[in-house]
Colleague: 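Got a structure for you, written out below as structure tokens; questions coming shortly.
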Amino acid sequence: MTGRRAVLGRAFYARDDVLEVARDLLGCLLVVPTRTGRRVSGRIVETEAYRGPEDRASHAYGGRRTARTETMYGAGGTAYVYFVYGMYHQFNVVTNAADVPHAVLVRALEPVEGVDLMRRRRGRARPRDLASGPGKLCIALGIDRGFDRADLRGDRVWIEAGAALRPREIASGPRVGIDYAGDWAARPWRFWVRDHPCVSVR
DNA sequence: TGTCCGATTGGT
DNA sequence: CCAATCGGACAG
């Protein structure tokens with residue numbers, strides 16, 4: 001497939017520090033081709049790190065291992081996609097080694113390729129409304145539960161390296177929608193490109 | 001099997 | 001502020 005350069009490999013995802021992976025994912029390009037091979041992609045501008053089993057906000061908190069969370073126990077470099085609120089999907093990247101349930105939730109993208117298709121799927125016109133949220137980006141890219149467990153080095157979905165961001169351009173703060181996590185909710189494990197219009201909230 | 005609630009979104 | 005909407009997790 002042409003134009004498919006610098007696809008992130010095992011070494012990128014297998015690292016120990018999920019916070020580092022979450023930061024490094026900013027600026028990278030998330031790509032999901034259509035059935036006809038057309039590229040639909042967006043620059044990652046917001047992520048959140050989840051560090052089970054100690055992280056109370058993680059689905060793998062306490063070592064919870066169920067049919068749904070099993071994916072998180074796989075080797076780094078696979079997709080963890082789940083369904084929430086009865087209508088939305090969330091796309092995560094599994095990190096670290098097998099049996100270590102760490103993951104990074106991709107929360108927002110800046111549309112890059114296939115923007116018209118993203119507009120049709122989302123029913124919105126402005127670029128900033130297409131993928132500025134975890135549920136929105138899944139709709140825009142056509143990601144559903146069928147992508148759960150997909151190998152990120154395969155041909156269904158992958159991530160390409162982007163230009164490294166300067167530390168100054170990266171902002172961090174508490175993760176969103178995890179008030180049930182007690183003191184873990186305050187940890188600044190959400191990362192985003194400072195002042196970027198496509199970031200989900202705030 | 002029954003109940004509770006969610007790693008959200010969009011409209012009021 | 002709140003409804004939508006349904007599967008996952010867990011109690012019984």
Side-chain angles (χ1 to χ4, degrees), chain A residues 13 18-23 25-26 30 42 44-74 76 78-96 100-111 118-150 152 157 159 171-193 196-202:
Chain A
Y13 301 108
V18 67
L19 301 181
E20 186 178 300
V21 177
R23 277 188 294 261
L25 242 13
L26 294 176
L30 175 58
I44 297 172
V45 297
E46 181 182 352
T47 60
E48 278 179 359
Y50 285 85
R51 203 172 70 188
E54 67 267 34
D55 179 4
R56 192 167 165 193
S58 172
H59 290 164
Y61 175 59
R64 197 152 104 235
R65 194 160 182 162
T66 65
R68 179 179 65 158
T69 66
E70 185 60 30
T71 307
M72 300 179 86
Y73 291 83
T78 60
Y80 168 45
V81 179
Y82 65 92
F83 186 67
V84 264
Y85 296 119
M87 58 190 99
Y88 299 111
H89 294 279
Q90 309 275 297
F91 174 80
N92 300 252
V93 164
V94 174
T95 71
N96 214 300
V100 180
H102 291 187
V104 175
L105 169 68
V106 177
R107 288 192 56 90
L109 307 174
E110 171 194 326
M118 292 173 88
R119 278 197 248 262
R120 249 174 284 137
R121 287 170 167 168
R122 287 275 302 132
R124 307 274 136 137
R126 288 152 63 213
R128 77 184 61 166
D129 292 330
L130 303 181
S132 53
K136 299 178 193 176
L137 99 239
C138 283
I139 294 170
L141 296 189
I143 294 172
D144 59 22
R145 274 168 297 184
F147 285 72
D148 186 44
R149 293 218 198 214
L152 294 175
V157 53
I159 300 176
S172 64
R175 292 170 291 178
V176 178
I178 53 156
D179 295 338
Y180 57 83
D183 45 319
W184 288 85
R187 302 205 176 206
W189 289 3
R190 171 175 171 242
F191 304 94
W192 66 92
V193 177
H196 198 288
C198 296
V199 165
S200 70
V201 288
R202 217 346 195 238

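Chain naming here is simple, since letters A, B, ... match the order of the sequence lines and numbering starts at 1 in each.
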Colleague: Using atom CZ of F83(A) as one end and atom P of dT9(B) as the other, report the distance to the nearest whole Å.
Modeller: 13 Å
Colleague: Taking for each residue the nucleotide of DNA chain C bearing the nearest heavy atom, is the 5' side occupied by Y88(A) or by R64(A)?
Modeller: Y88(A)
Colleague: State whether a side-chain donor-acceptor pair under 3.5 Å links Q90(A) with Y88(A).
Modeller: no
Colleague: On the ring face of Y80(A), is R68(A) found with NZ or CZ under 6.0 Å from the centre and within 45° of the axis?
Modeller: no
Colleague: Between R107(A) and E48(A), is the closest basic N to carboxylate O distance under 4.0 Å?
Modeller: yes
Colleague: Check every strand shown and say whether R175(A) touches a base, only sugar-phosphate, or nothing at a heavy-atom separation below 4.0 Å.
Modeller: nothing
Colleague: Determine the minimum heavy-atom distance between T71(A) and R149(A), stating which atoms define it.
Modeller: OG1-CG, 3.6 Å
Colleague: Anything under 30° is parallel, anything over 60° is perpendicular, the rest tilted; go ahead and classify W184(A) against W189(A).
Modeller: perpendicular
Colleague: Quick one: label R65(A) by what it contacts on the DNA or RNA (base, sugar-phosphate, nothing), any heavy atom closer than 4.0 Å.
Modeller: nothing
Colleague: At under 4.0 Å between heavy atoms, what does I178(A) touch on the DNA or RNA strands: base, sugar-phosphate, or nothing?
Modeller: sugar-phosphate
Colleague: Whole angstrom is fine here: how far is it from CG in L137(A) over to C1' in dA7(B)?
Modeller: 13 Å
Colleague: Side chain of T66(A), heavy atoms from C-beta onward: which of dA9(C), dT8(B), dG11(B) has the nearest atom to it?
Modeller: dA9(C)
Colleague: Does the distance from a Lys or Arg side-chain N to an Asp or Glu carboxylate O, for R119(A) and D129(A), drop under 4.0 Å?
Modeller: no
Colleague: Under 4.0 Å between a side-chain N/O of H59(A) and OP1 or OP2 of dA7(B), yes or no?
Modeller: yes
Colleague: Measuring from the side chain of K136(A) (C-beta onward, heavy atoms only), which nucleotide among dT5(C), dT9(B), dC6(C) has the closest atom?
Modeller: dT9(B)
Colleague: Under the 3.5 Å rule, do the base of dA4(C) and the side chain of Y85(A) count as making a donor-acceptor pair?
Modeller: no
Colleague: Expressed in angstrom and rounded to an integer, what is the separation of R126(A) atom CZ from dG10(B) atom P?
Modeller: 11 Å
Colleague: Please pick, from dT9(B), dG11(B), dT8(B), the nucleotide with the shortest atom-to-atom distance to any side-chain atom of R124(A).
Modeller: dG11(B)
Colleague: If the P atom of dG2(B) is compared with that of dT5(C), how far apart are they to the nearest Å?
Modeller: 22 Å
Colleague: To the nearest angstrom, how far is M72(A) atom CE from dG8(C) atom P?
Modeller: 15 Å
Colleague: Select base, sugar-phosphate, or nothing to describe what T47(A) touches, counting heavy atoms under 4.0 Å on all strands.
Modeller: nothing
Colleague: For the rings on Y82(A) and H59(A), is their centre-to-centre separation under 6.0 Å?
Modeller: yes
Colleague: Of L105(A) and I139(A), whose nearest nucleotide on DNA chain B comes first from the 5' end?
Modeller: L105(A)
Colleague: Base, sugar-phosphate, or nothing for R56(A), non-hydrogen atoms under 4.0 angstrom?
Modeller: nothing
Colleague: Could you please name the option among dG7(C), dA9(C), dA4(C) that lies closest to any side-chain atom of T69(A)?
Modeller: dA9(C)
Colleague: Tell me what Q90(A) touches on the nucleic acid: a base, only sugar-phosphate, or nothing, going by heavy atoms under 4.0 Å.
Modeller: sugar-phosphate
Colleague: For dT8(B), does either OP1 or OP2 sit under 4.0 Å from a side-chain N or O belonging to R107(A)?
Modeller: yes
Colleague: Rounding to a whole Å, what distance do you find between R190(A):CZ and dT8(B):C1'?
Modeller: 13 Å
Colleague: In whole Å, I'd like the distance from the OH atom of Y61(A) to the P atom of dG6(B).
Modeller: 16 Å
Colleague: If pairing requires Watson-Crick or G-U wobble contacts with both distances under 3.5 Å, which nucleotide is the partner of dT5(C)?
Modeller: none
Colleague: Answer yes or no: does a side-chain N or O of R68(A) lie under 4.0 Å from OP1 or OP2 of dA9(C)?
Modeller: yes
Colleague: Just how far, in rounded Å, is C1' of dA7(B) from NE2 of H102(A)?
Modeller: 16 Å
Colleague: Looking only at the side chain of V176(A) (C-beta and beyond, no hydrogens), which of the listed nucleotides dC6(C), dT8(B), dT5(C) gets closest?
Modeller: dT8(B)
Colleague: In terms of side-chain heavy atoms of P134(A), which of dG7(C), dT9(B), dC10(C) is nearest?
Modeller: dT9(B)
Colleague: Does OP1 or OP2 of dA7(B) have a side-chain N or O of Y180(A) closer than 4.0 Å?
Modeller: yes
Colleague: What integer distance in Å separates R122(A):CZ from dT9(B):C1'?
Modeller: 8 Å
